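Ligands are counted one by one from 1 in listed order, and the atoms in each one are counted from 1 as well. Note that this is a predicted model, so its numbers are computed, not measured. For the numbers below, each heavy atom of this structure counts, side chains included, while hydrogens, waters and symmetry mates do not.
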Amino acid sequence: MKLPIEAIRLLTHLEKHGISAFVVGGAVRDIIMGKEPNDYDIAAECLPEDLCHAFEGFESYTTGLRFGTLNVLWEGRFTEITCCRREGSYSDLRRPDSVEFCKSITEDLARRDFTVNAMAMDKSGTVTDPFGGRDDIEKKIIRCVGDATARFREDALRIIRALRFASTLGFEIEESTALAIGQCRPLLSCVAGERIFTELSKLLLGDSALNVLLKYKDEICTVIPELSPCVGFDQHNSYHIYTVYDHIAHAVDCCPKDLHIRLAMLLHDIGKPPLFFIGEDGRGHFWGHPELSEEMAEGVLKRLRVDSELLRHVCFLIKHHDVRPAPTRKSLGKYLLKVGFKGARELLHVRKADILSQAPQYFYQLDDLEESARIIDRLESEGFCVSVHDLCVNGKDLMDLGLPQGKAVGKLLDELLSLVASEQIKNERDALLAAAKKRISSRRDS
Ligand code: ATP
Ligand code: MG
C-alpha cells in the first residue's frame, strides 16, 4: 500500500515548510481496497496562511481559503489541500456555522462522514484509522463516524452519500446507521437539489445500484417523490413480473453505466401509475405514459438542477423509450430520421434494459434489437442520411432552380430527405436535382 510519487513529493514539500500532512478520505479507502483513487485530497496540520506561504509562486485557487482549502497545481494536476479542522454546529443542516482550524489530523477525521472515509495516510504509508475504517472495509460495511443520528441531523446529504457508497463499493449499511437513515429520512427534503444529484448520479452508476434502489426505496422516493406511486404498483399485464418501481430498479441495473441512460431508466415509467386502466382484454394499460413520464422527468430534473443539455437528452430518451421500429431497413430508416444514429444506439440500450426487466418469456424480442443494431450499422456504413445537412444538395441549389427563398426551401429539403431515407432515390446530386426540379415545376403548375 503506497502513495504515488507525486503525492509523496507533495507531502515532503509541506514537511519542508514544517507542516505535517496526510492523504485523506476516499483515496486512502481506495488504496486499502487495492483500487486506483480518482484524486488525492490532502489534509495539513496548519493554518491557511501557512499553506499560502508553502505554495508561494505556485498556480493555485484560493476561493476556498476561508474554509481552509487551497487548490494547488502540483506536478500538472490540481490538488486540494485542506487545513485540519473541527466543525462547529450545523444550524442549516448543510454547512457548519463556523470552521475551526485545529492542527490535529485525528480531530479532522472525526468530522468526516463514514469510517471508511475517515482514514489518513502519511508519506511512508502509515495509516491513521481512529474509527475502525479498515475493519469496516474488511466487513464491507458503511458506518457513520460517531452517533449516526447526530451526523445525519448535521448534514442530511450524508444519507444519500451512505446509499451512494453502498452502491459504488458494494457494501451493506451497518444496522445502527441504517436505522438512523430511516429516522432522519424526512430531513432529506431540506437538502439542495444539486447536492442530491451529485450523489444520486454516482449511486446510479454503482455496481450495486439495484440492491440499493430496492433496499432504500423510502429514501429514493423522498428525493424523487414522483417514484412513490410506482412502489408496489402491480402492472396487471403478462409482460411484467415486477411492480412498476421494481421494474424501474431492474431496468437501471440492466443498462450500461452511462448517466444519461441510467437516469432515463430511473424516470422512464414514472408516468405509468396515473394513466393505468384495465382494458377490455382484462389487462393493465398505460397509454401515453412515455409522454407523461417525459413531462414529469423534466420537473424532477429541474428540481435537481440538472444542466439543460443533460435534461434535454434524458427527456429525449424517455419520450422514445417505447417506440419499437420493425427490424427492417425501411422502418429503421424512418426512425433514424427522428432520432439520429447516436440516439438510435442509445435507445437500443434503453429498449434492451426495458425488455430484460420484464417477463423472461418475452426476451425473444431481444433478437429484433440485435437485428436492428446490425441494420443500423450497415445503414451508417453506407452513408445513410439522417439530416438534410447530409444531402448532396443544399438550400442554395434549390433556389438556383428557381425556388423562392423561404419556408418552401426547408420543406423541399425535408421531402428530398424522406425520398432518400425510404430509398426511392439515391443521395446523389443529379438524382436529387432532378427530383427537386420535378417538384418545383409541379408546384408551379398547380
Ligand atoms: P470519490 O472517490 O467518489 O471522490 P470520496 O470519498 O473522495 O469519494 P468525496 O465526495 O470526494 O468522496 O469527499 C471527500 C471526503 O470528504 C470523503 O471521503 C469524506 O471524508 C469527506 N466528506 C465529503 N462530504 C462529506 C460530508 N457531507 N460530511 C462529512 N464528510 C464528508
Ligand atoms: Mg473525492
Side-chain angles (χ1 to χ4, degrees), residues 3-4 7 22-44 64 67-69 71 77-90 92-97 99-100 102 105-121 127-134 136-137 142-171 177 180-181 184 187-188 190-192 194-209 212 223 257 259:
L3 293 172
F22 306 81
V23 167
V24 281
V28 180
R29 179 197 69 224
D30 290 345
I31 292 172
I32 291 174
M33 292 179 72
K35 292 201 267 182
E36 175 88 24
N38 301 329
D39 49 18
Y40 292 85
D41 292 334
I42 311 285
F67 301 102
T69 300
N71 216 320
R77 221 168 138 165
F78 276 98
T79 304
E80 217 171 77
I81 307 176
T82 304
C83 299
C84 288
R85 55 195 201 200
R86 70 174 76 91
E87 276 167 356
S89 57
Y90 284 67
D92 72 346
L93 303 167
R94 197 154 71 86
R95 243 176 245 133
D97 300 330
V99 178
E100 222 182 289
C102 63
I105 189 68
T106 316
E107 282 195 61
D108 183 86
L109 294 175
R111 74 176 172 89
R112 293 175 183 270
D113 46 10
F114 307 111
T115 58
V116 297
N117 290 344
M119 292 180 279
M121 188 180 269
V127 176
T128 305
D129 177 17
F131 307 104
R134 260 181 304 201
D136 287 347
I137 288 180
I142 302 296
R143 179 204 304 270
C144 280
V145 169
D147 177 67
T149 307
R151 301 312 306 283
F152 292 136
R153 287 212 179 115
E154 280 170 3
D155 181 3
L157 180 72
R158 291 174 186 152
I159 295 174
I160 297 298
R161 282 179 60 84
L163 270 51
R164 184 262 267 205
F165 287 112
S167 170
T168 55
L169 303 175
F171 287 12
T177 298
I181 285 180
C184 299
L187 298 175
L188 272 173
C190 310
V191 180
E194 61 272 26
R195 296 183 81 216
I196 299 255
F197 184 70
T198 306
E199 299 300 333
L200 183 66
S201 306
K202 294 183 178 174
L203 186 166
L204 289 177
L205 298 178
D207 281 338
S208 298
V212 170
V223 295
K257 287 182 179 169
L259 184 59

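Near Arg158, meaning under 4.0 Å from one of its heavy atoms, ligand 1 places the atoms 26 (C), 27 (N), 28 (N), 29 (C). Close approach to Gly26 involves these atoms of ligand 1, each under 4.0 Å from a residue heavy atom: 5 (P), 6 (O), 7 (O), 18 (O). For ligand 1 and Gly25, the ligand atoms under 4.0 Å from any heavy atom of the residue are 18 (O).
When only modelled atom types and interatomic distance are considered, Asn117 and Arg112 share no side-chain donor-acceptor pair under 3.5 Å. Ser167 and Ser208 form no side-chain donor-acceptor contact under 3.5 Å, judged by distance and modelled atom types alone.
Contacts with ligand 1 closer than 4.0 Å are made by no heavy atom of Glu154, backbone or side chain. Here Arg111 has backbone heavy atoms under 4.0 Å from ligand 1, and that is the only part of it that gets that close. Only the side chain of Asn38 comes within 4.0 Å of ligand 1, counting heavy atoms alone; its backbone N, CA, C and O stay farther away. Residue Asp155 touches ligand 1 through its side chain alone, judged by heavy-atom distances below 4.0 Å. Using a 4.0 Å cut-off between heavy atoms, Tyr40 makes no contact with ligand 1 at all.
A salt bridge is absent between Glu199 and Lys202; no separation between the charged side-chain nitrogens and carboxylate oxygens falls under 4.0 Å. Ion pair Arg77/Asp39 not flagged as a salt bridge, since none of the NZ, NE, NH1 or NH2 atoms sits closer than 4.0 Å to an Asp/Glu carboxylate oxygen.
At a 4.0 Å cut-off, not a single heavy atom of Phe114 sits close enough to ligand 1 to count as contact.
Distances between N or O atoms of Glu199 and those of ligand 1 include no value under 3.5 Å. Looking at ligand 1, you'll find an N or O of Asn117 within less than 3.5 Å of one of its N or O atoms. Ligand 1 has an N or O atom lying under 3.5 Å from an N or O atom of Arg112, backbone or side chain.
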Set out, in order, the CA-CA distance, both residues' side-chain angles and the distance that settles side chain to side chain contact (heavy atoms under 4.5 Å, CB included) for Arg134 and Met119, then state yes or no. CA-CA 8 Å; Arg134 260 181 304 201; Met119 292 180 279; 4.1 Å; yes
- Task: Step by step, work out the side chain to side chain contact (heavy atoms under 4.5 Å, CB included) result for Val116 and Ile142.
- Result: CA-CA 7 Å; Val116 297; Ile142 302 296; 4.2 Å; yes
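Ring geometry for Phe114 against Phe152 counts as tilted: the plane angle lies between 30° and 60°, on a 0 to 90° scale.
Scanning both residues, Cys184 and Ile159, for their nearest heavy atoms gives O-CD1, 3.6 Å.
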